[in-house]
Chemist: 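Have a look at this one before I ask anything.
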Amino acid sequence: MPVFTRRRFLQGAGVGFSAGLFWPLSGLGQDMPLRASALHAGPMQGYPAVRSAQLWLQTLGPARVQVAFWPEGREEARRLTEIVTTKAQTQFTALLTLDDLAPGTRYATRVLLDGQALAASPLTVRTLSLWQWRHPGAPRQGHVMDVSSPM
């Protein structure tokens, strides 16, 4: 009866591995599309600021991505971000910046992939309000409290 040792197992595994190199594996891999026609992930809102916001998204393949945005209820004021090209070196991700926004406003967005609007539900982005030193009771910059008056 043959003895099953570690050495014999590894020699057998080596034969199996080298034979596997010649086996056609084309059916196991997923073909990447020539151009992306849908999103893989996102869009997700990045940082919110007073006058800008960022959106992150990931496509299934290389694509030219742009975001249309407008204040909610005012689609006639629609603007576009810069075009960003997704590529394999960055895992087909894009970080798009929406600039020159009004403080404390909600914006509707629509992703454009190679110039075509996606049918997915639009994302709403909200900018921060301009609050610093503008509300009653908020501390003012450089404000010094008078402590010399009696209580």
Chemist: Using the test salt bridge (Lys or Arg N to Asp or Glu O under 4.0 Å), find all partners of Arg78 that sit at least two apart in sequence or belong to another chain.
Modeler: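 Listed in chain order: nothing, the list is empty.
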Chemist: Do Val84 and Leu57 share a hydrophobic cluster (ILVMFWY, side-chain heavy atoms under 4.5 Å, transitive)?
Modeler: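 Result: yes, single cluster for both.
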Chemist: Which one of Thr81, Leu80, Ile83, Leu118 satisfies the side-chain contact (heavy atoms from CB on, under 4.5 Å) criterion with Leu112?
Modeler: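 The side-chain contact (heavy atoms from CB on, under 4.5 Å) with Leu112 is passed solely by Leu80 among Thr81, Leu80, Ile83, Leu118.
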Chemist: Classify the side-chain pair Thr59/Thr86 by whether it contains a donor and acceptor separated by less than 3.5 Å.
Modeler: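 There is such a pair between these side chains.
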Chemist: Sub-3.5 Å donor-acceptor pair from the side chain of Asp114 to the main-chain atoms of Ala63, do we have one?
Modeler: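 No, the answer is negative, given that no donor and acceptor are paired below the 3.5 Å cut-off.
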Chemist: Go through the steps to decide whether Lys87 and Thr90 satisfy the test side-chain contact (heavy atoms from CB on, under 4.5 Å), and finish with yes or no.
Modeler: CA-CA 6 Å; Lys87 42 191 164 193; Thr90 58; 4.0 Å; yes
Chemist: Taking the side chain as every heavy atom from C-beta outward, state whether Pro43 and Trp56 have any pair of such atoms under 4.5 Å apart.
Modeler: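 Result no, sub-4.5 Å side-chain heavy-atom pair not found.
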Chemist: Any non-hydrogen side-chain atom of Phe69 less than 4.5 Å from a side-chain atom of Val125?
Modeler: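 No, too far: nothing below the 4.5 Å cut-off.
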Chemist: Would you say Thr127's side chain and Ala49's backbone share a donor-acceptor pair under 3.5 angstrom?
Modeler: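 No.
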Chemist: Tell me, do Tyr107 and Leu101 make a side-chain contact under 4.5 Å, heavy atoms counted?
Modeler: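 Of all side-chain heavy-atom pairs linking Leu101 with Tyr107, at least one is under 4.5 Å.
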Chemist: Rounded to the nearest 0.5 Å, how far does CG of Leu128 lie from OH of Tyr47?
Modeler: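 Between atom OH of Tyr47 and atom CG of Leu128 there are 10.5 Å.
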Chemist: A quick test of your reading: do over 12 heavy atoms of other residues, nucleotides or ligands sit less than 6.0 Å from CZ of Arg79?
Modeler: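 Above 12, so yes.
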Chemist: Report whether Leu95 and Met44 are members of the same hydrophobic cluster (ILVMFWY, side-chain heavy atoms less than 4.5 Å apart, transitive linking).
Modeler: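 In one cluster: yes.
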Chemist: Any side-chain to backbone donor/acceptor pair from Thr93 onto Gln91? Under 3.5 Å, distance only.
Modeler: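 The answer is no, because no donor-acceptor pair under 3.5 Å joins these two groups.
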Chemist: Around Glu76, counting heavy atoms of other residues, nucleotides and ligands shown, do more than 12 lie under 6.0 Å from its CD?
Modeler: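 More than 12 within 6.0 Å, yes.
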Chemist: Using only atom types and a distance under 3.5 Å, with no angle test, would you say the side chain of Thr109 pairs donor to acceptor with the backbone of Thr124?
Modeler: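 Here the side-chain-to-backbone pair does not exist.
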Chemist: Just so I know, are the side chains of Arg106 and Pro71 near enough to count as touching, which here means a heavy-atom distance under 4.5 Å?
Modeler: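 No, side chains not in contact.
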Chemist: Which atoms form the tightest heavy-atom contact between Phe92 and Gly61, and what is the distance?
Modeler: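 That closest heavy-atom pairing would be CD2-C, 3.3 Å.
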Chemist: Quick one: closest heavy-atom pair of Gln45 and Arg126, and the distance?
Modeler: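 Of all heavy-atom pairs spanning Gln45 and Arg126, the closest is NE2-O, 3.8 Å.
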Chemist: Determine yes or no for a side-chain-to-main-chain donor-acceptor pair under 3.5 angstrom, with Gln58 supplying the side chain and Ala94 the backbone.
Modeler: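 No.
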